[in-house]
Amino acid sequence: MRTAEVANRFVRFFETKGHVAVPSASLLYADPTLLFVNAGMVPFKAYFTGAETPPYQRAASVQKCLRTLDIDEVGKTTRHGTFFLMNGNFSFGDYFKKEAIEWAWELVTTDQDHGGYGFDPGKVWVTVLGPGYHPDYPDGDTEAAALWRSVGVPDDHIQGRSLKDNYWSMGVPGPGGPCSEIYIDRGPAYGPEGGPVVDEDRFLEIWNLVFQTEELSAVRAKDDFDIAGPLPAPGIDTGNGVDRTAYLLQGKDNLYEIDQVFPVIERASAISGRAYGANHDDDVRLRVIADHVRSGLMLMTDGVAPGNEARGYVLRRLLRRSIRSMRLLGVTDPVLVELLDVSRGLMAESFADVDRQWERVRVIAAAEEEAFDRTLRDGTAIFDLAVAQTKTAGVAVLSGDEAFQLHDTYGFPIDLTLEMAAEQGLQVDRGRFTELMAEQKNRAKADARAKKGGAVSVEAYRELREAGETPFVGYTDLSVPTRVRGLILDGQAVTRAESGATVGVVLEETPFYAESGGQTADAGVLVGSAGRSAVLDVQRPVPGLVVHTVTLDGPLEAGESLTAEVDAFHRRSACQAHSATHILHAALRELVGPTATQAGSYNKPGYLRFDYTGQQAMSAELKAEIEERCNLAIEDDLPVTATSMKLEAAQALGAMSLFGEKYPPVVRVVEMGGDWSRELCGGTHVAGSGQIGLLTLLGEQSVGSGARRVEALVSTDAFRHLSAERALVDQLTGLLKVPSGQLVDRVSTLISDLKAAEKKVEAARSAQVLAGASAILAEGRDVHGLTLVTKHLAGTSMEDLRTLALRLRDGLGERAGVVGLVGGSTDKPTVVVATNAAGRAAGAKAGALVKVSAGALGGTGGGSDDLAQGGGKDGTAAPAALAAIEDALARG
Ligand code: ATP
Ligand code: MG
């Protein structure tokens with residue numbers, strides 16, 4: 001049965017039972033407690049709490065869900081997706097337990113020709129709240145158990161479980177009640193007998209029925225709450241996993257192989273040339289890719305863009321994990337858009353928005369992949385170095401400082417660092433990392449406070465503004481005599497402030513340029529009778545009013561006369577940077593095309609950055625061309641003029657204005673070289689472009705959402721930068737003893753030599769592990785006619801462990817035998833079990849044995865009868881893990 005049909009069938013079935021079909025809410029459905037909708041009932045919460053009156057008493061929906069907590073399970077278990085669909089039927093004070101159970105049974109077991117899912121009733125198991133877990137339910141949920149019996153579930157398929165599993169609440173005071181889950185037995189091939197209480201992989205949960213029964217007055221934990229009394233009208237809330245139901249009905253082994261997901265695996269496999277099903281690690285990666293691509297598609301469709309906070313971060317993590325998994329499969333070319341497009345084709349049938357939003361999604365995704373590749377390129381080198389140093393020092397933990405530097409300087413998300421470190425068998429000092437992050441946040445806050453002079457109420461500014469705008473005379477004059485109109489101290493208007501105080505000063509007129517239009521504020525001093533006070537910042541907190549943030553060198557009073565003096569050198573540098581920004585903009589439009597419109601800019605003395613719409617990374621040639629074009633325009637010493645005119649007139653001239661920006665009726669048009677560059681701009685500029693001196697591009701990168709950013713240095717800062725780079729080349733030529741023209745060749749050779757050496761070391765290490773094989777083999781002992789060879793080899797990688805296990809197995813020859821090895825680290829032990837043909841004939845199964853062994857390590861594992869692997873959390877239990885294999889064999 002197709003996945004879409006699993007969903008349709010559910011809604012149709014409940015429509016025949018008087019339910020209103022309600023479409024899925026957005027994944028971002030407003031709920032302040034959640035990042036994303038994570039269950040079908042979320043959009044109905046207000047109806048259940050009584051905050052709103054439901055427009056219907058019965059509803060059924062197929063809700064889009066996203067569970068970030070399940071992200072690490074993806075690909076490893078068979079049943080967890082980050083994105084998935086949840087069927088649900090809901091009763092708002094209408095029907096209750098009896099109907100909920102009878103209908104669920106009916107849909108699950110009715111044969112497919114008659115509108116049901118057609119599961120074999122003999123394979124259905126259910127759980128209910130068991131006896132002795134809560135004083136209000138001394139015998140458990142006997143009512144639910146009786147109802148299950150009455151529809152025909154045999155007693156031994158009804159299991160009681162604790163409050164943690166079978167009691168539901170919202171985690172806060174409000175409705176709560178026992179729940180009952182429906183499981184399908186996938187058969188003995190998937191795990192031991194004994195029902196869901198024994199094995200939740202073999203017995204797969206497909207549906208949870210929540211009986212909202214009572215009002216909770218306090219909730220301290222899942223299994224610790226106070227019941228105030230029965231709900232006036234009990235309700236029903238159920239969740240049936242569409243994807244899980246689909247994979248069972250499609251005869252697949254896991255959620256990633258259903259018709260709505262698998263084609264992404266196929267495409268990823270085709271692109272990478274790695275066959276699905278051939279290698280466990282590759283398979284996990286392919287599943288991660290398929291899952292995350294779908295989740296990413298659905299999130300972007302619902303309006304999320306990649307970012308560094310909250311929702312944007314989750315999306316970024318999903319997209320970057322899928323990209324990185326493709327890179328680990330050996331694919332270096334961009335792939336994300338292609339994979340998303342496959343997923344789009346699969347999801348569009350049920351969610352038309354994925355087609356409607358596709359253009360946007362495509363652009364965002366392409367930009368994100370590019371940004372990530374750059375991050376990977378820059379950061380991986382630094383990461384590798386840090387790992388090498390950590391390992392040389394014989395330490396198993398990558399320092400928090402290093403993780404922070406990777407995050408702060410190279411944009412490496414901490415999750416990526418954690419994952420990559422784990423792949424190298426290293427941990428990361430997260431405590432220290434978190435500490436550094438907190439410090440940085442505080443610094444940023446303090447900076448912001450110092451800069452903006454604290455949070456000031458706008459009221460005080462409004463009052464001062466009523467006396468009129470602050471005229472700006474700084475286009476022509478850098479120093480003017482003026483008077484203090486008012487002072488603001490700690491958010492309050494005051495008439496006097498003392499020496500040492502940092503205050504906001506409003507003047508009758510000012511030569512200081514207030515930060516705006518991407519240009520930073522002027523620096524300078526206010527010179528009064530009592531001293532020279534430095535101007536730290538200049539802002540326009542309300543339109544028309546200029547406020548100078550000043551640390552007073554002497555007392556200052558409203559009405560006092562003083563001279564406002566802009567630092568001429570600072571201003572000249574600011575003008576250079578701003579004019580250079582216009583030149584860069586014009587050069588971009590000339591060489592990239594008219595689509596390269598401004599999306600934002602920032603400039604300060606010596607530096608500028610410019611954001612423009614575009615998706616394509618600049619090639620090195622284009623970059624060089626743009627840089628040259630800018631410097632030619634500087635050399636040409638183009639005259640720079642500024643004219644005020646009516647907005648319409650400026651627009652008629654084709655002056656470039658920012659889309660979405662509001663302009664006053666009279667605007668200032670800045671031209672450079674006639675119409676070569678013509679922009680609406682209130683900023684300060686050089687008189688001729690020659691005064692800029694020099695411009696050098698630093699870099700170009702994506703800033704997400706289809707915009708790119710170019711950064712540049714100008715004037716002496718540009719010169720110093722180039723000079724430092726030359727010094728660097730000098731250093732390198734000295735170090736490597738080759739002329740600069742041969743540097744690249746020399747370094748390439750060094751890198752490939754290093755790689756070859758690393759390979760040799762690796763081979764030697766493997767050889768060493770294998771060399772111990774015969775000694776280990778000699779320790780083999782007889783267990784019920786089987787030769788059992790076990791060994792704990794702390795620190796051995798999974799790969800070496802597997803190779804050794806196979807070697808030992810070969811060494812057993814014709815003897816029926818089992819090999820069990822534990823390796824890995826103390827907190828991440830791993831285990832491998834291998835059996836030979838004779839051993840299997842005698843009943844030994846590697847997959848089953850590895851499960852008990854990994855269980856002793858506090859983890860789990862799996863694999864085939866002849867070779868299986870697993871891992872756990874507690875390496876000190878290695879002897880017990882090996883003994884567990886022996887016990888299992890001894891028991892037969
Ligand atoms: P599990 O214990 O298997 O993680 P759960 O107890 O978290 O499941 P519920 O919160 O009861 O599940 O959700 C209701 C139904 O939604 C489940 O019965 C299952 O079919 C489905 N479901 C839950 N989590 C996922 C997931 N990550 N991927 C796919 N389906 C899921
Ligand atoms: Mg779960």
Side-chain angles (χ1 to χ4, degrees), residues 3 6-7 10 24 27 34-42 44-45 60-90 100 104 107-108 117 119 124-129 159 161-171 176-184 186 190-191 195-212 222-223 236-250 252-258 260-261 287-288 290-292 294-295 298-299 314 318 860:
T3 308
V6 173
F10 186 96
S24 174
L27 282 166
L34 293 172
L35 220 45
F36 303 109
V37 171
N38 62 0
M41 65 83 64
V42 171
F44 301 113
K45 250 189 196 175
S61 68
V62 183
Q63 175 64 44
K64 300 183 269 190
C65 295
L66 200 109
R67 291 196 178 176
T68 44
L69 284 178
D70 286 341
I71 193 166
D72 293 317
E73 306 294 335
V74 171
K76 296 180 188 152
T77 76
T78 64
R79 64 180 201 278
H80 288 103
T82 46
F83 174 90
F84 61 97
L85 297 170
M86 200 187 282
N87 286 329
N89 57 293
F90 306 94
L107 178 59
V108 167
Y117 288 148
F119 284 107
V124 178
W125 289 64
V126 299
T127 59
V128 297
L129 179 62
Q159 299 190 309
R161 294 185 96 172
S162 70
L163 294 167
K164 274 205 177 99
D165 293 304
N166 282 72
Y167 194 93
W168 174 90
S169 76
M170 291 187 189
C179 58
S180 183
E181 292 162 336
I182 304 175
Y183 293 77
I184 304 293
R186 300 163 69 203
Y190 295 95
V197 297
V198 172
D199 189 324
E200 288 206 41
D201 198 36
R202 165 168 170 182
F203 298 89
L204 183 76
E205 177 192 334
I206 58 160
W207 201 344
N208 190 359
L209 314 181
V210 174
F211 314 124
Q212 298 195 9
K222 278 201 101 164
D223 53 356
I236 290 294
D237 142 32
T238 85
N240 161 232
V242 173
D243 314 73
R244 286 191 191 175
T245 307
Y247 95 68
L248 293 176
L249 293 178
Q250 292 173 18
K252 302 296 183 198
D253 271 351
N254 60 61
L255 199 121
Y256 321 99
E257 293 177 17
I258 60 175
Q260 241 178 36
V261 180
R287 289 185 208 130
V288 164
D291 172 84
H292 289 10
R294 180 167 74 146
S295 305
M298 299 309 285
L299 278 176
V314 171
L318 289 166
T860 172

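One-based numbering, in listed order, for ligands and for the atoms of each.
Here H80 has heavy atoms under 4.0 Å from ligand 1 in both its backbone and its side chain.
Residue L255 places no N or O, backbone or side chain, under 3.5 Å from any N or O of ligand 1. Considering backbone and side-chain atoms alike, N208 places an N or O below 3.5 Å from some N or O of ligand 1. Below 3.5 Å of separation, one finds an N or O of G241 facing an N or O of ligand 1.
The heavy atom nearest to atom 22 (N) of ligand 1, considering only W168, F84, Y247, is found in F84. Across E200, E181, R67, heavy-atom proximity to atom 9 (P) of ligand 1 is greatest for R67.
Using modelled atom types, one side-chain atom of N254 and one backbone atom of E257 make a donor-acceptor pair closer than 3.5 Å.
Those atoms of ligand 1 with a heavy atom of G81 less than 4.0 angstrom away are 26 (C), 27 (N), 28 (N), 29 (C). Under a 4.0 Å criterion applied to the non-hydrogen atoms of I206, ligand 1 contributes the atoms 18 (O), 20 (O). The contact set between ligand 1 and R79, taken as ligand atoms under 4.0 Å from a residue heavy atom, comprises 3 (O), 26 (C), 28 (N), 29 (C). Close contacts of ligand 1 with M86, meaning ligand atoms under 4.0 Å from a residue heavy atom, involve 13 (O), 14 (C), 16 (O).
A perpendicular orientation is assigned to the rings of W125 and F203, their planes being inclined by more than 60° (bins at 30° and 60°).
Remark: T238 engages N89, W207 in a side-chain hydrogen bond (donor to acceptor under 3.5 Å, both in side chains) (not counting sequence neighbours). Here V197 pairs with Q159, R161 under the side chain to side chain contact (heavy atoms under 4.5 Å, CB included) rule; sequence neighbours left out.
Side-chain atoms of T78 and Y190 form no donor-acceptor pair, as typed in the model, at a separation below 3.5 Å.
In this structure, the side chains of R244 and E205 come closer than 4.5 Å at one or more pairs of heavy atoms.
Checking each of I182, N166, N208, D165 against T127 for a side-chain contact (heavy atoms from CB on, under 4.5 Å) leaves exactly one that passes, namely N166.
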